[in-house]
*Asks:* 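Supplied in C-alpha cells, the structure appears directly below.
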Amino acid sequence: MISEAVIERIRKTADRYPERRAALIPALTILQDELGHLSLDTVRSVAEELNVPAPEAFGAASFYSLFRWKPSGRHVIHVCHNLSCSLLGAETLLDHLGKKLGVPEGQATADGRFSFERIECIGRCDGAPSMLVGKDSYDNLTPGKIDEILQQYT
Amino acid sequence: MEQMLLNRVGKAKSAEIDAALKLGAYAALEPAFRMRPADVVHEVKQSGLRGRGGAGFPTGLKWEFCATVPGSEKYLLCNADEGEPGTFKDRFILEHDPHLLIEGMIISAYAIGATQGYIYIRAEYPAQRDILEKAVAQAYMRGYLGSNILGKGVNFDLAVHTGAGAYICGEETALIESLEGKRGQPRMRPPFPAIEGAWRKPTVVNNVETLAAVPFVITLTAEGFQKIGEESSPGPKLFAVSGAVNKPGGYELPMGTTLRELIFDHCGGISGGRRLKAVIPGGASTPMLTADHLDVKLDFKSLVAAGSMLGSGAVIVMDDSTCMVSAAAVLIRFFKHESCGKCTPCREGTGWLYQVYRRMLNGQGRDGDADLLLRICDSIQGKCFCPLGEGAIQPVLSSIRYFRADYEKCAGGGCGEKVCRPMVH
C-alpha cells in the first residue's frame with residue numbers, strides 16, 4: 001500500500017534525528033499528503049518502519065488535530081475561526097461554504113473535489129478572515145471572494 | 001526607529017540567499033566566531049535580551065545554563081510553532097528573512113556548544129516551511145551550515161521539523177516531546193531543558209524572534225542593543241496587530257511604545273469610525289485591557305503592572321460593537337480544543353467553561369453565570385501542570401472584570417441583538 005518511494009522519503013527523514021522515532025509525525029504527514037487521510041493500517045506500517053510500538057504511534061498520531069482519519073476532498077479548505085477571524089466574519093464564511101459545497105464540515109463533496117473544516121488560528125490575523133486551501137493561503141475573505149478562489153481548484 | 005528584524009522584509013527576493021547576502025545576511029558570523037563561545041553568552045546576557053515567545057526569560061541566562069553543562073551532545077531548537085491566537089509576527093521572518101533566523105541559530109549554537117539544531121514549525125505554515133527548507137538548503141550550499149563553517153572549525157547541522165496541529169507544542173517541553181515523536185504533552189520541570197531536554201541532552205529552545213535578534217546583539221554589541229527600547233526590556237519588538245484597526249499588520253517598534261501610539265499612530269486607529277472597547281495586548285492568554293489603558297507602555301514590566309502581559313506581542317483590538325461574552329467564548333473554545341489532557345483542572349475546567357459559554361450564547365444565560373465562571377476559573381488557577389490552563393482563564397477573568405455588564409445582558413434570554421450568535425459554533 002505504501003510505495004517504495006514514500007518509504008525511502010521516510011527513511012531519509014529519519015536520518016536527520018538521533019532517534020528514528022522522531023520521524024513519526026513527519027512520516028505521517030508525508031503519508032497523509034500521499035493518501036489523503038490516515039488509517040490504523042498506515043500508522044501501523046510507519047510504526048514498524050520506525051521501530052515504535054504501534055499503540056504508542058497511534059497514541060501520538062491521534063493527538064494532533066491536522067491528521068485526518070476519513071476521506072477528505074482533493075483540496076482541503078481550512079477556515080480559521082479564532083478571535084480575529086471571528087470578529088471579521090468567519091462564521092458567515094463557514095455558513096457560505098456549507099451551503100455552496102452542500103456538505104457538512106469534514107465531509108468530501110460528491111465529486112471528491114473539496115472538503116472544508118474549521119481550524120484554530122493560522123497566523124494570518126492581519127488578513128482576517130482567512131483560510132488555507134492546501135498550502136495556499138487567502139486573506140480578507142468574503143463569500144464572493146471564496147467563490148472566485150475555489151474556481152481555481154479542479 | 002530603524003527596522004532591524006524586518007529590515008529585509010518586503011525587499012526583492014529577500015528569502016533567497018543571494019539577495020539576503022547583498023543585504024547583509026550572515027555578517028554577524030565572523031565577529032561572533034572571533035569571540036570565545038562563553039563571551040558570546042556573556043554578550044547576550046549583558047544585552048538584556050529576553051525571550052520573545054511569551055515568557056520573557058533572559059536569553060543569555062538560558063544559554064549559560066546549557067553551555068555550562070558538561071558534555072558535547074547538545075541541541076538548539078527554534079520554536080516556530082507560532083500558535084497563540086492573534087500572533088503572526090514570526091511569519092514575517094520565516095517568510096521574508098529565513099537567513100536572519102539561520103544566522104541567529106548558528107551564533108546561538110556556537111555559544112552553547114550545540115552541533116545540531118531543529119526548527120519546529122507549525123503545520124499551519126506550509127508555505128513558510130517550504131521557504132525555510134529552501135533557505136536551509138541554500139545555507140548548506142554556501143557553507144554557512146554543516147562542518148567547518150567559514151573555515152573556523154564550527155560545525156552546525158540544521159533541519160526543519162513540522163508539527164501537525166497542536167498549540168501546546170509551543171510550550172518548550174511539549175515541543176521537545178513532539179519533536180521526539182510523541183504526544184505533545186509537557187514534561188515535569190525540573191529538570192529544565194537546558195539541563196535535560198531533547199533526547200535527554202542539554203537543549204536550548206528559543207523563539208524565532210529571539211534568535212533573529214541575536215545577530216544584532218553581536219553587530220551592535222550588548223551596549224548598543226541596550227540603547228533600543230526600555231531599560232528593563234531592551235531591543236526591538238515585533239507587534240502583530242489585528243481586529244478592529246484600520247491598518248492591521250506586523251510592526252517593529254522599540255519596547256516601551258505605548259498602546260495608544262501603536263493603535264492610533266501606527267495602525268491608523270479603530271476601523272469603521274467606532275470606539276475602542278477592549279484590547280488583548282499579548283495574545284489570547286494575556287488579560288484584556290480597556291480604553292483606560294491606552295497609555296500603558298508595551299514592555300514586560302509595564303504590562304504586568306497594568307494587570308496583563310506582553311506575551312507574544314499579539315495585539316487584538318475589539319471595537320464597541322463586540323460582545324465580550326462572545327469574544328471570550330471563542331477563546332475558551334480554543335483553549336478547550338488545545339488542552340492536552342494531561343492534567344484534570346485544565347482538561348475538565350476548560351470544557352466546563354465552554355459549556356457555560358455555549359449555554360449563555362444559546363439564549364439560556366442565567367443570573368450568576370459570571371460568578372459560576374469565576375468559580376470554575378478558581379478550580380483551574382494555580383492548579384495546572386503547565387501554563388496553558390493559567391492562560392485559558394485570562395480572557396474569562398479579564399472580560400468579567402471589565403465587562404460584567406455584557407455578561408448580565410446574557411441572563412434572561414440574551415441581549416436580543418444576536419451579535420454574539422454568529423461568533424460561536
Side-chain angles (χ1 to χ4, degrees), chain A residues 13-30 32-33 47 50 52 56-57 59-67 78 80-92 94-95 105 118-128 130 132 134-137 139-140, chain B residues 73 82-88 90-91 116 118 122-127 130 157 159 161-167 169 178-185 198-199 201 240-244 248-250 280 284 314 316 318-319 322 326-327 330-331 333-334 337-338 340-341 421-425:
Chain A
T13 305
D15 290 342
R16 297 170 168 183
Y17 305 96
E19 288 179 14
R20 295 172 61 73
R21 180 182 179 147
L24 180 65
I25 308 301
L28 292 172
T29 305
I30 291 171
Q32 175 163 281
D33 289 348
L50 297 174
V52 181
E56 275 189 43
S62 65
F63 183 81
Y64 297 91
S65 56
L66 292 180
F67 289 136
H78 279 116
C80 175
H81 75 162
N82 214 294
L83 186 54
S84 300
C85 287
S86 276
L87 288 168
L88 294 160
E91 292 298 329
T92 313
L94 284 155
D95 285 347
E105 291 173 26
R118 300 164 170 272
I119 192 167
E120 294 299 351
C121 189
I122 55 173
R124 308 198 64 83
C125 325
D126 48 343
S130 55
L132 294 169
K135 282 186 180 185
D136 309 326
S137 52
D139 298 336
N140 302 119
Chain B
E73 195 184 340
E82 178 164 73
E84 177 81 11
T87 313
F88 51 90
D90 296 337
R91 199 190 79 215
Q116 175 70 55
Y118 297 94
R122 62 194 311 232
E124 293 85 345
Y125 279 177
D130 290 352
D157 282 298
H161 181 97
T162 312
Y167 164 71
C169 293
S178 180
L179 172 70
E180 292 182 358
K182 302 170 189 159
R183 295 167 74 85
Q185 291 183 316
W199 299 287
K201 300 294 178 191
V241 190
S242 65
I280 294 175
I316 306 175
M318 289 169 270
D319 68 28
T322 312
S326 188
V330 168
L331 296 178
R333 176 181 61 191
F334 165 76
H337 185 256
E338 299 300 330
C340 81
R421 291 295 291 276
M423 282 189 49
V424 165
H425 178 50

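Residue numbering restarts at 1 for every chain, and letters A, B, ... go by the order of the sequence lines. Treat the numbers as computed from the prediction; the structure is a model and nothing was measured.
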*Asks:* State the OG-CD distance between Ser65(A) and Glu338(B), to the nearest 0.5 angstrom.
*Replies:* 5.5 Å
*Asks:* Kindly give the heavy-atom pair with the smallest separation between Asn82(A) and Val330(B), and that separation in Å.
*Replies:* C-CG1, 3.8 Å
*Asks:* Only one of Cys125(A), Ser130(A), Ser84(A) clears side-chain contact (heavy atoms from CB on, under 4.5 Å) with Phe88(B); which?
*Replies:* Cys125(A)
*Asks:* Non-hydrogen atoms of chain A under 4.5 Å away: do they reach the side chain of Ala159(B), the backbone, both or neither?
*Replies:* side chain
*Asks:* Go through Gly243(B), Pro85(B), Ala166(B), Gly249(B) and name the one with the most non-hydrogen pairs under 4.5 angstrom from chain A.
*Replies:* Pro85(B)
*Asks:* Can you tell which part of Glu180(B) gets under 4.5 Å to a heavy atom of chain A, answering side chain, backbone, both or neither?
*Replies:* backbone
*Asks:* Check whether any side-chain heavy atom of Arg118(A) sits under 4.5 Å from a side-chain heavy atom of His337(B), and report yes or no.
*Replies:* no
*Asks:* Taking the side chain as every heavy atom from C-beta outward, state whether Arg333(B) and His81(A) have any atom pair closer than 4.5 Å.
*Replies:* yes
*Asks:* Please look at Arg20(A) and chain B and tell me whether the side chain, the backbone, both or neither of the residue comes under 4.5 angstrom of a heavy atom of that chain.
*Replies:* neither
*Asks:* Identify, with sequence neighbours excluded, every residue that meets side chain to side chain donor-acceptor pair (under 3.5 Å) alongside Glu56(A).
*Replies:* Arg21(A)
*Asks:* Do the non-hydrogen side-chain atoms of Arg91(B) and Arg124(A) ever get within less than 4.5 Å of each other?
*Replies:* yes
*Asks:* Find out whether Ser62(A) and Arg183(B) are in side-chain contact, i.e. whether some heavy atom of one side chain is under 4.5 Å from a heavy atom of the other.
*Replies:* yes
*Asks:* I need the residue from Val52(A), Leu132(A), Leu66(A) with the largest number of non-hydrogen atom pairs under 4.5 Å to chain B.
*Replies:* Leu66(A)
*Asks:* In Å and rounded to the nearest 0.5 Å, what is the CD to CZ distance from Glu120(A) to Arg122(B)?
*Replies:* 10.0 Å
*Asks:* Looking at chain B, which one of Gly59(A), Ala60(A), Pro18(A), Ala128(A) has the largest number of heavy-atom pairs inside 4.5 Å, strictly under?
*Replies:* Pro18(A)
*Asks:* Shorter than 4.5 Å, heavy atoms on both sides: which option in Ser242(B), Ala164(B), Pro126(B) has the most such pairs with chain A?
*Replies:* Ala164(B)
*Asks:* Examine whether an atom of Ile119(A) lies under 4.5 Å from a heavy atom of chain B, and if so say whether it belongs to the side chain, the backbone or both; otherwise answer neither.
*Replies:* side chain
*Asks:* If you count heavy-atom pairs under 4.5 Å with chain B, which of Ala57(A), Gly123(A), Gly89(A) comes out on top?
*Replies:* Gly123(A)
*Asks:* Taking Gly184(B), Gly250(B), Gly341(B), Cys169(B) one by one, which has the highest count of heavy-atom pairs under 4.5 Å against chain A?
*Replies:* Gly184(B)
*Asks:* For chain A, which of Ser178(B), Ala284(B), Ala123(B), Gly163(B) has the most heavy-atom pairs under 4.5 Å?
*Replies:* Ser178(B)
*Asks:* Under 4.5 Å from any heavy atom of chain A, what part of Asp130(B) do you find: side chain, backbone, both or neither?
*Replies:* side chain
*Asks:* Is it the backbone or the side chain of Leu88(A) that comes under 4.5 Å from a heavy atom of chain B, or both, or neither?
*Replies:* side chain
*Asks:* Apply ring-ring contact (aromatic ring centres under 6.0 Å, His included) to Tyr17(A) and list each qualifying residue two or more places apart in sequence or on a separate chain.
*Replies:* Tyr118(B), His161(B)
*Asks:* Is it the backbone or the side chain of Cys340(B) that comes under 4.5 Å from a heavy atom of chain A, or both, or neither?
*Replies:* both
*Asks:* Do you know the tightest heavy-atom contact between Cys121(A) and Gly83(B)?
*Replies:* CB-O, 4.3 Å
*Asks:* Quick check on Leu179(B) against chain A: is it the side chain, the backbone, both or neither that has a heavy atom closer than 4.5 Å?
*Replies:* both
